[in-house]
**Q** 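Take this structure, written in structure tokens, and hold onto it; I'll ask about it next.
Sequence positions, counted from 1, serve as the residue numbers for this chain.
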Amino acid sequence: MRSMLKKAEHDPSVRGVIFLIDSPGGSVTASDRIYHMIRSFRQRHPIPVFALVEDIGASGAYYIAMGADEVWVHPTSIVGSIGVVVFNVGVTGLMKKIGVTDRSITSGDEKEMGSPFRHMSTKDQQIFQDLVSDLYSQFLGVVSKNRQIAPDQLKSIADGRVYTAKQAIKLHLVDRIGYREDLVAHLERVMHVSKFELVRYREPFLSGTGLFGESSPVGSPVADPSLLIPAIKKLGPTPLYFWSPSLGGSMK
């Protein structure tokens, strides 16, 4: 992302930027970093920057879209999922059944917080909830600022749910509904040009892939986020701006 933005910034022939977004989101930090890159680019290089959501622009992907001047969606796009999730699985009941004991040694009571090998206490839950609430507040602030929606009003619709294009327009979460050609026509009017050429930056090692992996090879964690979740769970609880209800369920 940084490399592509630098190319656009140092190319005097670039008159505008379109981000094609098709993603259920990702990590909290990655989402915020990309959002910051886009905002910084706009400050240094005052040209139109638009986001166009294709199938999905949820959670972290929607967070990133907030960096653009306008957010466009296809008539069938799904957007929103403003919220934070920490996936966590507990296996204490299974361990008891098969006779497995956790012998981890820690320096403090909460060092093993969130481990699947121990029961999650009320204190653990509260610590995680405070963490999620703080990161959720960050997300709310970004959306409130860029969509000009009062925080109190935003909270009523930012409960993690996703919205259709028509619902998102009504709630002022996006700016316009249209196809790529509609956005191109709009840019021609905004930039006062009769015709321009669309180019797409690609890095050699990412050849054939699109932004957020929309064209990534089959079997790649970038193309299929479901492959990423098991790895994340192995690393322990990780806060995500991510929408994946099929993967977020608890195992009891």
Side-chain angles (χ1 to χ4, degrees), residues 1-23 25-74 77 79-80 82 138-149 154 165 168-169 172-216 222 241:
M1 283 294 300
R2 188 184 303 278
S3 176
M4 288 188 285
L5 286 171
K6 282 184 177 180
K7 287 180 180 179
E9 184 174 1
H10 295 107
D11 186 344
S13 65
V14 173
R15 300 285 300 279
V17 174
I18 301 173
F19 288 98
L20 299 179
I21 297 177
D22 190 357
S23 170
S27 80
V28 166
T29 300
S31 302
D32 187 63
R33 286 185 65 191
I34 296 174
Y35 164 78
H36 178 70
M37 288 179 197
I38 298 172
R39 295 281 300 183
S40 296
F41 173 84
R42 288 175 56 198
Q43 292 172 1
R44 296 190 308 268
H45 201 42
I47 61 175
V49 176
F50 289 75
L52 175 61
V53 177
E54 299 194 317
D55 283 323
I56 301 175
S59 209
Y62 181 72
Y63 188 114
I64 289 168
M66 295 297 95
D69 291 299
E70 289 187 13
V71 180
W72 285 55
V73 292
H74 281 275
S77 295
V79 299
I82 301 169
Q138 168 86 6
F139 201 157
L140 277 180
V142 166
V143 177
S144 177
K145 174 183 176 180
N146 291 282
R147 299 307 306 171
Q148 296 295 299
I149 303 175
L154 182 60
I169 280 282
H172 307 292
L173 293 176
V174 301
D175 296 290
R176 301 175 188 243
I177 298 175
Y179 297 94
R180 289 194 190 189
E181 54 267 32
D182 298 321
L183 177 51
V184 170
H186 177 71
L187 281 173
E188 289 176 347
R189 293 190 296 270
V190 170
M191 296 187 296
H192 305 291
V193 295
S194 58
K195 187 177 181 180
F196 58 81
E197 180 183 4
L198 291 173
V199 298
R200 185 166 185 171
Y201 295 123
R202 297 182 190 277
E203 291 299 314
F205 68 93
L206 290 177
S207 180
T209 69
L211 185 60
F212 301 110
E214 65 173 343
S215 303
S216 297
V222 179
Y241 291 147

**Q** Could you check whether Gln138 and Tyr241, counting side-chain N and O atoms only, form a donor-acceptor pair closer than 3.5 Å?
**A** no
**Q** Tyr62 pairs by side chain to side chain contact (heavy atoms under 4.5 Å, CB included) with which of Ile56, Ile82, Val53, Val142?
**A** Ile82
**Q** Where is the tightest heavy-atom contact between Leu52 and Gly178, given as atom of each residue plus distance?
**A** CD1-O, 4.3 Å
**Q** For Val193 versus Arg15, what's the shortest heavy-atom pair and its separation?
**A** CG1-NH1, 3.8 Å
**Q** Could you measure the distance from the CG atom of Leu183 to the CZ atom of Phe50? Nearest 0.5 Å is fine.
**A** 6.5 Å
**Q** Quick check: closest heavy atoms across Leu5 and Phe19, and the distance to 0.1 Å?
**A** CD2-CZ, 3.7 Å
**Q** Quick check for you: to the nearest 0.5 Å, what is the distance between His186 atom NE2 and Glu181 atom CD?
**A** 14.5 Å
**Q** Assess whether atom CZ of Phe196 is packed by more than 12 heavy atoms of other residues, nucleotides or ligands within 6.0 Å.
**A** yes
**Q** What are the two closest heavy atoms between Val79 and Val174, and how far apart are they?
**A** CG2-CG1, 4.3 Å
**Q** Kindly give the heavy-atom pair with the smallest separation between Ala68 and Ala51, and that separation in Å.
**A** CB-N, 3.7 Å
**Q** Among Val73, Asp22, Ile21, find the one that has a side chain to side chain contact (heavy atoms under 4.5 Å, CB included) with Glu54.
**A** Asp22
**Q** What do the steps show when you test Arg33 against Arg2 for side-chain contact (heavy atoms from CB on, under 4.5 Å), and what is the final call?
**A** CA-CA 10 Å; Arg33 286 185 65 191; Arg2 188 184 303 278; 3.4 Å; yes
**Q** Is there a donor-acceptor pair closer than 3.5 Å between any side-chain N or O of Ser77 and the backbone N or O of His74?
**A** yes
**Q** Please check if the side chain of Arg42 supplies one atom and the backbone of Gly67 the other of a donor-acceptor pair under 3.5 Å.
**A** yes
**Q** Would the distance check show the side chain of Asp175 and the main-chain N or O of Trp72 forming a donor-acceptor pair, the cut-off being under 3.5 Å?
**A** no
**Q** Which is it for Arg180 and Leu198 under the side-chain contact (heavy atoms from CB on, under 4.5 Å) test, yes or no, and what are the steps along the way?
**A** CA-CA 11 Å; Arg180 289 194 190 189; Leu198 291 173; over 6 Å; no
**Q** Is Ser144 reaching over with its side chain to a backbone N or O of Leu140, donor-acceptor style, under 3.5 angstrom?
**A** no
**Q** Quick one: does His45's side chain have a donor or acceptor within less than 3.5 Å of a partner on Phe41's backbone?
**A** no
**Q** Apply side-chain contact (heavy atoms from CB on, under 4.5 Å) to the pair Leu187 and Ile18, showing each step before the final yes or no.
**A** CA-CA 10 Å; Leu187 281 173; Ile18 301 173; 3.5 Å; yes
**Q** With no hydrogens and no angle check, is any side-chain donor or acceptor of Asp32 less than 3.5 Å from a backbone partner on Thr29?
**A** no
**Q** Take Met66 and Val71 through the side-chain contact (heavy atoms from CB on, under 4.5 Å) test and state the conclusion after the steps.
**A** CA-CA 8 Å; Met66 295 297 95; Val71 180; 4.1 Å; yes
**Q** Give the minimum heavy-atom separation between Lys145 and Gln148, together with the two atoms involved.
**A** O-NE2, 2.8 Å
**Q** If the condition is side-chain hydrogen bond (donor to acceptor under 3.5 Å, both in side chains), which residues does Glu9 pass it with, not counting sequence neighbours?
**A** Arg44
**Q** Can you sort out the partners of Ser194 under side-chain hydrogen bond (donor to acceptor under 3.5 Å, both in side chains), two or more places apart, ordered by chain and number?
**A** none
